[in-house]
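Here's the structure, in structure tokens; my notes come after.
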Amino acid sequence: MKYFVKTYGCQFNYSDSERVCAVLENAGLESARTEKDADLLIFNTCSIKQKAEDRVFGLMPKMKEIKKARRDFLVGITGCMVRKTSTKKSQDLDKLIKMMPEVDFVFRIEDAPLLPEILAEIRGKKVLSVKKISNMDANSLEKYFHINPKYSSKFQAFVPIASGCDKFCAYCIVPFARGRERSRPIKEILAECEKLVKNGCKEITLLGQNVDSYGLSFMDREEKRFAELASGEKIYFTRLLEEIDKLKSRGLVRVRWTSPHPKDLTDDLINAVATLRTQMPHIHLPMQSGSNYVLRKMNRPYTKEHYINLIKKIRSAIPNCSISTDIIVGFCGETKEMFKETCDLYKEIRWDMAYSSQYSMRKNTAAHRTMKDDVPEKEKQRRWHELNKILKKCSLEHNKFFLKKTVNVLVERCSKGLCEGMSEHFKRVQFEGGKELVGQIVPVKITKALEWNLIGKL
């Protein structure tokens, strides 16, 4: 039986898919080259925006046609859209199975270890017990993290350090999709990183909904897996970075991480980025809005002034540090004046890059329960384009800084003689070269600066 996993969404989802692939292959399934070659197609979904969910719903007519032609063809869904692990034989069905008859099973990502049993049930060989299929299994997340992933790259890897979120931003579905925040033990993360480096990995990206709250969440305290921090102590995430940095002597070159929360970003973490050998001069720090009023409505517990102070600390400790952010335009109640505050803040901070999105109402969030999505779609689009104009100008300005300078590029791909990869500052660089360079870190002299990337010469 051949499988194919189609992934949507963030880096976390791609990391999840690597673990799903490992479970399926351990169960005897074979990876298909394309969707058309697969007997089992699993969609790893994102539900941050309605458009992300609509994309999956839109594929169901195609799945229906395939099932007509191939009666043994199976469709599964995992990721943020799933609330209850279930098959069509389950007593308590997830709404997705009710809404999409083409779907044979759905599973919460932490229940990935159950996949062999789920497939056995569908084939009529075994029936899952109510206890096993329950999402209340306290050990499910630990079992999930113990899966040895099928990494998609030998030289780059995503390593999740926590799952879930405790912040409950008014617009966000993640706490409902992934549950409360729980952190992995440091020893377990280090063991995964050590194995990666031993196998030739050069760059590791640590993943978490809020990486800087690692070890500090409600569940971490409740389960007493991390001791309470005394006043002035380094946060656990800083300690984790210090331990991983020791792998430099074994061949690890780069460590990246995403995403931190401004509320939890500490001076010792900034200092770690400035001093540790494997840390890169790039920090992604989500802002979401330049208006304190909108931030309060979003349940983002910091102010514009606090954020500006963090940026000053970063740039003081790490000169020329590349800083990117996330911004939402058109959130509930955002007036034109409030949006202008975001534009003015962008002009003041001048981020290298911003991942801007138009607000999309998500069911079950605080915004859905208590607020009105009152900014018209056309106005959201207008604001997005206005912000994008500022972004283009700032991005080009930052990229011009690298003209005639030499940067080190980790080559990720090469096609038709054109190599591409990321520099230390997380700038996408293209240059002429051969496929033998893929996976290597090479010096490239920048000859041209564009809005979104750099062009150079090996």
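Values reported hereafter were calculated over all heavy atoms of this structure, with side chains retained and with hydrogens, waters and symmetry mates removed.
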Could you tell me whether the side chain of [Y] reaches within less than 4.5 Å of the side chain of [X], counting heavy atoms only?
X	Y	value
Phe339	Val375	no
Pro301	His261	yes
Phe73	Met63	yes
Leu285	Tyr307	yes
Phe331	Met338	no
Trp351	Met287	yes
Leu345	Ile308	yes
Cys343	Leu387	yes

(request) Apply the test salt bridge (Lys or Arg N to Asp or Glu O under 4.0 Å) to residues Arg428 and Glu412: give CA-CA distance (whole Å), side-chain angles for both, the deciding distance (0.1 Å), then the verdict. (result) CA-CA 10 Å; Arg428 186 158 296 282; Glu412 298 174 0; 3.7 Å; yes

(request) Decide if atom NZ of Lys88 counts as having more than 12 heavy atoms of other residues, nucleotides or ligands within a radius under 6.0 Å. (result)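 Atom NZ in Lys88 is crowded, with more than 12 foreign heavy atoms closer than 6.0 Å.
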
(message) Would you say CZ of Arg70 has more than 12 non-hydrogen atoms from neighbouring residues, nucleotides or ligands within 6.0 angstrom?
(response)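 Result for CZ/Arg70: enclosed.
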
Taking atom types as modelled, find out whether [X] and [Y] have a side-chain donor-acceptor pair closer than 3.5 angstrom.
X	Y	result
Glu181	Ser213	yes
His146	Glu188	yes
Ser86	Asp94	no
Asn292	Thr303	no

Verify, without hydrogens or angle tests, whether [X] (side chain) and [Y] (backbone) share a donor-acceptor contact under 3.5 angstrom.
X	Y	answer
Tyr214	Ile186	yes
Ser395	Lys392	no
Ser360	Gln50	yes
Asp352	Ser322	no
Arg254	Gln279	no
Asp166	Phe218	yes
Thr45	Thr78	yes
Ser90	Leu93	no
Ser289	Leu295	no
Asp220	Ser183	yes

Can you name the nearest heavy-atom pair linking [X] to [Y], along with the distance?
X	Y	result
Ala449	Leu396	O-CD1, 3.6 Å
Arg221	Leu216	NH1-O, 3.0 Å
Ser163	Arg178	OG-O, 4.3 Å
Asn364	Arg369	O-NH1, 2.6 Å
Arg184	Pro160	NH1-O, 2.8 Å
Trp384	Ser356	NE1-O, 3.2 Å

What's the separation between atom [atom1] in [X] and atom [atom2] in [Y], rounded to the nearest 0.5 Å?
X	Y	atom1	atom2	result
Lys2	Lys36	NZ	NZ	14.5 Å
Lys89	Glu121	NZ	CD	6.0 Å
Asp72	Met1	CG	CE	7.5 Å
Gln11	Thr205	CD	OG1	6.0 Å

(request) Determine, using ring centers only, whether Phe226 and Tyr236 are less than 6.0 Å apart. (result)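 Distance test on ring centres: under 6.0 Å, yes.
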
(request) Could you tell me if the ring centre of Tyr355 sits under 6.0 Å from that of His284? (result)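 Between Tyr355 and His284, the centre distance is under 6.0 Å.
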
(request) Describe, in one word, how the ring planes of Phe43 and Tyr8 are oriented to each other, choosing from parallel (under 30°), tilted (30 to 60°) and perpendicular (over 60°). (result)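 Parallel: the ring planes of Phe43 and Tyr8 meet at under 30°.
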
(request) Would you please classify the geometry between the Phe105 ring and the Phe107 ring as parallel, tilted or perpendicular, with 30° and 60° separating the classes? (result)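 Correct class here is parallel.
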
Thinking salt bridges, do [X] and [Y] make one under a 4.0 Å N-O criterion?
X	Y	result
Arg413	Glu420	yes
Glu386	Arg383	no
Glu192	Lys195	no
Lys304	Asp344	no

(request) Might you work through the side-chain contact (heavy atoms from CB on, under 4.5 Å) test for Cys332 and Met361, ending with a clear yes or no? (result) CA-CA 9 Å; Cys332 307; Met361 181 72 82; 4.1 Å; yes

(request) Tell me, with the steps shown, if Asp264 and Ile235 meet side-chain contact (heavy atoms from CB on, under 4.5 Å). (result) CA-CA 9 Å; Asp264 299 316; Ile235 59 173; over 6 Å; no

(request) List the steps and the verdict of side-chain contact (heavy atoms from CB on, under 4.5 Å) for Met298 and Tyr171. (result) CA-CA 6 Å; Met298 287 178 166; Tyr171 53 80; 3.9 Å; yes

(request) Identify, with sequence neighbours excluded, every residue that meets salt bridge (Lys or Arg N to Asp or Glu O under 4.0 Å) alongside Lys67. (result)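 Result, salt bridge (Lys or Arg N to Asp or Glu O under 4.0 Å) vs Lys67: Asp104.
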
(request) Would you sort out whether Glu65 and Lys62 count as a salt bridge (Lys or Arg N to Asp or Glu O under 4.0 Å), showing the intermediate values? (result) CA-CA 5 Å; Glu65 290 301 313; Lys62 181 181 178 182; over 6 Å; no

(request) Answer yes or no on whether Arg362 is positioned over the face of Phe176, meaning its NZ or CZ is under 6.0 Å from the six-membered ring centre and within 45° of the axis. (result)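 No cation-pi geometry.
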
(request) Apply salt bridge (Lys or Arg N to Asp or Glu O under 4.0 Å) to the pair Glu53 and Lys95, showing each step before the final yes or no. (result) CA-CA 13 Å; Glu53 291 194 4; Lys95 66 176 183 178; 5.7 Å; no

(request) State which residues pass side chain to side chain donor-acceptor pair (under 3.5 Å) with Arg296; sequence neighbours excluded, sorted by chain then number. (result)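 If we apply the side chain to side chain donor-acceptor pair (under 3.5 Å) test to Arg296, skipping adjacent residues, there are no hits.
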
(message) Going by side chain to side chain donor-acceptor pair (under 3.5 Å), name the residues that satisfy it together with Lys202, two or more places apart in sequence or in a different chain.
(response)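 Lys202: no side chain to side chain donor-acceptor pair (under 3.5 Å) contacts found.
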
(request) Start with the C-alpha distance between Val253 and Asn408, add both sets of side-chain angles, then the distance that settles side-chain contact (heavy atoms from CB on, under 4.5 Å), and finish with yes or no. (result) CA-CA 11 Å; Val253 182; Asn408 294 310; over 6 Å; no

